[in-house]
Amino acid sequence: MKNKKFFFEILIKWNRNENKREMPWKGEKDPYKIWISEIILQQTRVQQGLNYYNRFIKKWPTVNDLANAPEQEIYKLWEGLGYYSRCRNLITSAKYITDTLNGKFPEKYADILSLKGIGDYTAAAIASFAFNQPYAVVDGNVFRVLARVFGIETPVDSTEGKKLFKELANELLDKNNPAEYNQAIMDFGAVICKPAVPLCAECPFHERCIAYQKRTVEVLPVKEKKIKQRTRFFNYLLVEQDGNIYINQRTDKDIWQNLYEFILVETGSLVAEKEFLHSSAFTSLLGKNNFKVNRISKIYIQKLTHQTINGRFIHIKIKNSKANLKKYKLIPVRDLKNLAFPKFIASYLQD
DNA sequence: AATACGGGGGA
DNA sequence: TCCCCAGTATT
């Protein structure tokens, strides 16, 4: 197939006549705002990211505002959104742009790409939306639309597949109109060529879609990799002492990096309450007699992509500081609301 | 090349 | 339950 012009012609026509999708960052030209929206939307549904974006832009309208904001406030706003390294990278790049680039967002694709937290997709999105440069976005929508319309069975999560789809995407791109084209193909994937139950009946590619003709819409795009799941058991100790409570900031190479938590005792399996309270992992932290267990929650479950967390919260009051808690930080209970916690903990604290 | 990284929503 | 979502960084 030499002439692929039909693709952007049909797509742009659909976009201008049928596409009713509206989002606050659509048509935005400020690279800072586009950047924020794109980072928030990485692996995140528009519906989920919408409120975060609006609060973010309202609170920090420019890259300079963001660079000078207290980090904990930024994490607090990001709380519950997940993939917290995005927030870390946002902070790093905001400071870099403000301090080293004099607050001017880079315009060259390679320079945009070099920023922390920005990969192929986000660099193409910013370059095209903000500066109308001819770089095709390749996100989950694009993989799906192209795999179906062109009947491509190469797994999209293989090295070969990523290369193939990226090349095809750049061939198909309307070079004179990259911003509209990129926006259109993602809207099209989200609205018509959806993952499940796509609207083939009203699809303008009806006549040309290979997958539709071959009845393979359901199986495309192909993914080959499966994720491994593991189950973990968290016992959180909420240890209070005269209106203060012990907390910990997660720093290990693990989930929820940089977020706060309470005193964590992780066990290899589900341990009964009574047994846990007699375990050395527990008693060695608190000593034998200077504490009182006030309440133990039920087991809460949080599903992550690679892990299932089973956890309980144990409320404890202590009177003196004999406990072996030096590695934790003691803060007033009323200050908890300023810290960013994993959703798992934040939703427990809500109740 | 493979894997980890959150949380939510739809079927 | 399983799959997917405006992906990226690390090993």
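Quick caveat: nothing in here was measured; it's all calculated off a predicted structure. In what follows, every chain begins at residue 1, and chains take the letters A, B, ... in the order their sequences are listed.
Taking the P atoms as reference points, B:dG6 lies 15 Å from C:dT11, given to the whole Å. A gap of 24 Å separates the P atoms of C:dA6 and B:dA4, to the nearest Å. Comparing the P positions of B:dG9 and C:dT8 gives an interatomic distance of 23 Å, to the nearest angstrom.
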Checklist entry - Does the pair A:Ile296 and A:Leu277 meet the rule for a side chain to side chain contact (heavy atoms under 4.5 Å, CB included), with working shown? => result CA-CA 11 Å; A:Ile296 302 181; A:Leu277 296 179; 4.0 Å; yes

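An OP1 or OP2 oxygen of C:dT11 is reached within less than 4.0 angstrom by a side-chain nitrogen or oxygen of A:Lys253. Taking only side-chain nitrogens and oxygens, A:His306 comes nearer than 4.0 Å to OP1 or OP2 of B:dA4. Within the 4.0 Å cut-off from OP1 or OP2 of B:dG7, not a single side-chain nitrogen or oxygen of A:Lys343 is found.
Atom CZ of A:Phe165 is separated from atom P of C:dG7 by 15 Å (rounded to the nearest Å). In this entry the distance linking CD of A:Glu79 with C1' of B:dG8 reads 16 Å, nearest Å. Remark: C1' of C:dG7 and CG of A:Asn89 are 12 Å apart, rounded to the nearest angstrom. Between the CD atom of A:Gln229 and the P atom of B:dG7 there is a distance of 13 Å, rounded to whole Å. We find that CD1 of A:Ile39 is positioned 11 Å from P of C:dG7, with the value rounded to whole Å. A:Leu259 places its CG atom 8 Å from the P atom of B:dG6, with the value rounded to the nearest Å. Atom pair A:Ile227:CD1 and B:dG6:P shows a separation of 13 Å (rounding to whole Å applied). Between A:Arg86 atom CZ and B:dA4 atom P there is a gap of 19 Å when expressed in whole angstrom units.
A:Tyr84 comes within 4.0 angstrom of the backbone, heavy atoms only, and of no base. Heavy atoms of A:Ile118 sit under 4.0 angstrom from primed sugar atoms or phosphate atoms, though from no base atom. A:Asn182 comes within contact range of no nucleotide atom at all, as no heavy-atom separation falls under 4.0 Å. Across all strands, A:Gly80 comes closer than 4.0 Å only to sugar-phosphate atoms, never to a base (heavy-atom distances). At the heavy-atom level, A:Gln47 lies nowhere under 4.0 Å from the strands shown.
Separation of the A:Phe234 and A:Tyr300 ring centroids does not fall under the 6.0 Å cut-off. Aromatic ring centres of A:Phe276 and A:Phe282: separated by under 6.0 Å.
By the 30° and 60° cut-offs, the orientation of the rings of A:Tyr236 relative to A:Phe313 is parallel. Using cut-offs of 30° and 60° on the angle between ring planes, the pair A:Tyr348 and A:His315 is tilted.
Comparing B:dG8, B:dC5, C:dT8 by their nearest atom to the side chain of A:Thr122 picks out C:dT8.
A donor and an acceptor atom, one from each side chain of A:Ser85 and A:Gln257, are nowhere located under 3.5 Å apart.
Comparing A:Ser158 and A:Lys194 by the nucleotide of DNA chain B that holds the closest heavy atom to each, the one mapping nearer the 5' end is A:Ser158. The 5' end of DNA chain B is approached more closely, in terms of each residue's nearest nucleotide, by A:Ser85 than by the other of A:Ala196 and A:Ser85.
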Taking only N/O atoms, report every protein-nucleotides 3-6 of chain C pair under 3.5 Å with atom names and distance.
from  : atom 1 : to       : atom 2 : distance (Å)
C:dC4 : O2     : A:Arg45  : NH2    : 2.9
C:dC5 : OP1    : A:Arg144 : NH1    : 2.3
C:dA6 : OP2    : A:Asn141 : OD1    : 3.4
C:dA6 : O5'    : A:Asn141 : ND2    : 3.3
C:dA6 : O4'    : A:Asp139 : OD2    : 2.9
C:dA6 : N9     : A:Tyr121 : OH     : 3.3
C:dA6 : N6     : A:Trp25  : NE1    : 2.6
C:dA6 : N6     : A:Gln183 : NE2    : 3.4
C:dA6 : N1     : A:Arg21  : NH1    : 3.4
C:dA6 : N1     : A:Gln183 : NE2    : 3.4

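Using the Watson-Crick or G-U wobble rule with both distances under 3.5 Å, B:dG6 pairs with nothing in any strand shown.
Judged by the 6.0 Å and 45° rule, A:Arg148 forms no cation-pi pair with A:Phe150.
Formation of a donor-acceptor pair under 3.5 Å by the A:Glu261 side chain with backbone atoms of A:Asn248 is not found in this model.
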